[in-house]
Enquirer: 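Let me give you the structure first, and then I'll get to my questions.
Values reported hereafter were calculated over all heavy atoms of this structure, with side chains retained and with hydrogens, waters and symmetry mates removed. Bear in mind the structure is a predicted one, so any value in this text is a computation, not a measurement. First the proteins, then the strands, lettered A, B, ... as listed; each starts at 1.
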Amino acid sequence: MPELPEVETVARSIAGIVGRRIVSAEFTCLRILRGKPDRMSADLAGRRIRGIRRRGKFIVIDLDKGHCFVVHLGMTGKLLLGGTRSRHTHAIVNLDRGVLLFEDQRQFGRLEVSQGLPARVEKLGPEPLEVTIAEFAARLKRRSARIKAILLDQHFVRGMGNIYADEALFRAGIHPLAIGARLRPERVKRLHRAMVEVLTQAIEKGGSSISDYVDAEGRRGFFQFEHRVYQRTGDPCVTCGSPIRRILVAQRGTHFCPKCQRR
DNA sequence: ATCGGTACCTGCACGC
DNA sequence: TGCGTGCAGGTACCGA
């Protein structure tokens with residue numbers, strides 16, 4: 001499910017747990033854990049929640065003494081405040097008031113307890129909503145891959161995913177197979193602007209609910225109604241009417257208008 | 001360091 | 001109805 005706008009929406013939806021204390025935590029699926037379940041439970045029990053932040057697609061729950069509870073939602077992960085347990089409920093975090101559940105049908109999500117930020121999470125690229133056009137252009141100049149693959153690389157910018165890469169490229173009029181370093185400065189500028197616009201608008205709409213994405217209160221997003229190319233294969237381009245095409249780039253379904261998006 | 005390909009999971013839609 | 005195939009918001013890891 002979750003790219004930057006969805007993760008941001010989920011992070012905001014659990015902001016209310018800041019200040020609460022973790023009473024206990026139970027983990028029932030080894031695959032999604034970075035660390036041993038009993039050790040993680042012991043590290044979490046009794047800790048006060050000091051803050052919630054998002055770093056790329058990671059949700060960082062800051063605890064006492066620099067400890068972090070780091071959550072990645074993978075493709076189908078959900079953080080939920082209360083609600084009924086299901087066969088995909090893999091973690092139950094009991095708070096002094098309420099409970100935080102982690103569900104994940106496909107088990108691509110990951111949970112981790114660390115002292116400070118894990119190195120893997122620390123060394124990601126800049127936030128796409130903060131990176132300046134100058135830095136964006138400089139970083140792009142060093143990349144020889146296709147622009148779609150570059151946007152998906154979390155070391156280039158952190159938080160873009162398959163939906164918003166396709167949507168940003170469409171809005172910028174750039175073909176997904178264009179080589180990053182070869183983009184003219186004017187097109188780089190358009191891409192930077194399109195990326196910021198599409199992510200900002202998507203956050204305002206609470207993200208995209210493609211199948212079952214919801215925030216921690218169970219609310220769906222509405223940005224799926226604003227998609228112009230993503231999963232619109234064969235449908236007419238909203239600008240020129242040409243059928244939207246789907247190709248594979250970096251093994252990911254990639255949607256674009258062959259007339260509006262040029263290499 | 002970067003690039004492109006593969007593996008990891010479950011569930012759904014589709015054609016036969 | 002059942003079965004095989006392809007597809008799905010993700011990252012990690014491999015060899016080149």
Enquirer: Mark yes or no for whether E112(A), through its side chain, and R34(A), through its backbone, hold a donor-acceptor pair below 3.5 Å.
Expert: no
Enquirer: In terms of side-chain geometry, is the basic nitrogen of K78(A) or D104(A) positioned less than 4.0 Å from the acidic oxygen of its partner?
Expert: no
Enquirer: Using a cut-off of less than 4.0 Å, is there contact between a side-chain N or O of K57(A) and OP1 or OP2 of dT11(C)?
Expert: yes
Enquirer: Taking only Lys NZ, Arg NE, NH1 and NH2, and the carboxylate oxygens of Asp or Glu, determine whether E127(A) and R54(A) approach each other closer than 4.0 Å.
Expert: yes
Enquirer: Checking H90(A) against F27(A) for the ring pair (Phe, Tyr, Trp, His ring centres under 6.0 Å) test, could you report, in this order, the C-alpha distance in whole Å, the side-chain angles of both residues, the deciding distance, and whether it holds?
Expert: CA-CA 6 Å; H90(A) 304 314; F27(A) 302 99; over 10 Å; no
Enquirer: For L140(A) and dT2(B), give me the distance from atom CG to atom P, rounded to whole Å.
Expert: 13 Å
Enquirer: Nearest to the side chain of S211(A) - dC3(B), dG11(B), dG9(C)?
Expert: dG9(C)
Enquirer: How many Å lie between CZ on R139(A) and P on dC3(B), as a whole number?
Expert: 12 Å
Enquirer: Identify, residue by residue, the members of residues 101-112 of chain A with a heavy atom below 4.0 Å from DNA chain C, and return them in order of residue number, or none.
Expert: R106(A), F108(A)
Enquirer: Regarding A250(A), tell me which of base, sugar-phosphate or nothing describes its non-hydrogen contacts under 4.0 Å with the strands shown.
Expert: nothing
Enquirer: Which is true for H155(A) with a 4.0 Å heavy-atom rule: it touches a base, it touches only sugar-phosphate, or it touches nothing?
Expert: nothing
Enquirer: For DNA chain B, please output the secondary structure as dot-bracket, reading 5' to 3'. Pairs are Watson-Crick or G-U wobble, both atom distances under 3.5 Å; mark crossing pairs with [ ], other-strand partners with |, unpaired with a dot.
Expert: .|||||||.|||||||
Enquirer: Step through it carefully: locate the ring centre of F156(A), locate the ring centre of F136(A), and say whether they are under 6.0 Å apart.
Expert: yes
Enquirer: Taking for each residue the nucleotide of DNA chain C bearing the nearest heavy atom, is the 5' side occupied by R120(A) or by Y230(A)?
Expert: Y230(A)
Enquirer: Touch check for F58(A), heavy atoms < 4.0 angstrom, all strands: base, sugar-phosphate only, or nothing?
Expert: nothing
Enquirer: By nearest atom, which of the nucleotides dT11(C), dA12(C), dG9(C) is closest to the Q231(A) side chain?
Expert: dG9(C)
Enquirer: Distance check needed: dA8(C) C1' versus Y164(A) OH, whole Å only.
Expert: 15 Å
Enquirer: Please determine whether a side-chain nitrogen of the Lys or Arg among E186(A) and R190(A) lies less than 4.0 Å from a carboxylate oxygen of the Asp or Glu.
Expert: no
Enquirer: By nearest atom, which of the nucleotides dG4(B), dG10(C), dG11(B) is closest to the R87(A) side chain?
Expert: dG11(B)
Enquirer: Could you tell me how far apart L151(A) (CG) and dG9(C) (P) are, to the nearest whole angstrom?
Expert: 15 Å
Enquirer: Check the phosphate of dG11(B) against H88(A), side-chain N and O only, distance under 4.0 Å to OP1 or OP2. Yes or no?
Expert: yes
Enquirer: For R193(A), is there an ion pair with E197(A) - N to carboxylate O distance below 4.0 angstrom?
Expert: no
Enquirer: Do NZ/NE/NH1/NH2 and the carboxylate oxygens of D215(A) and R220(A) come within less than 4.0 Å?
Expert: no
Enquirer: Could you check how far CZ of R34(A) sits from P of dT11(C), rounded to whole Å?
Expert: 11 Å
Enquirer: Any side-chain N or O of R143(A) under 4.0 Å from OP1/OP2 of dA1(B)?
Expert: no
Enquirer: Rounded off to whole Å, could you give me the CZ-to-C1' distance for the R252(A) and dC8(B) pair?
Expert: 13 Å
Enquirer: Counting only N and O atoms by type, is there a donor-acceptor contact under 3.5 Å from the side chain of R47(A) to the main-chain atoms of D43(A)?
Expert: yes
Enquirer: Quick one: pull up CD in Q261(A) and CG in D166(A) and give me the separation to the nearest 0.5 Å.
Expert: 8.0 Å
Enquirer: Can you figure out which of dT6(B), dT10(B), dG9(C) approaches the side chain of Q251(A) most closely?
Expert: dT6(B)
Enquirer: It should be established whether S144(A) places a side-chain nitrogen or oxygen under 4.0 Å from OP1 or OP2 of nucleotide dC3(B).
Expert: yes
Enquirer: Quote, to the nearest angstrom, the C1' distance that separates dG9(C) from dC3(B).
Expert: 23 Å
Enquirer: Using a cut-off of 4.0 Å on non-hydrogen atoms, how would the nucleic acid contact of R142(A) be classed: base, sugar-phosphate, or nothing?
Expert: nothing
Enquirer: Any donor and acceptor pair, going by atom type alone, linking the side chain of R48(A) with main-chain N or O of G19(A) inside 3.5 Å?
Expert: yes
Enquirer: Could you tell me the separation between the CD1 atom of I210(A) and the P atom of dC12(B), rounded to a whole number of Å?
Expert: 17 Å
Enquirer: Using a 4.0 Å heavy-atom cut-off, does S209(A) contact any base of the nucleic acid, only the sugar-phosphate backbone, or nothing at all?
Expert: base
Enquirer: Nearest to the A145(A) side chain among dG10(C), dG4(B), dG9(C), which nucleotide is it?
Expert: dG4(B)
Enquirer: How close or far is atom C1' of dT11(C) from atom CG of L124(A), stated in whole angstroms?
Expert: 11 Å
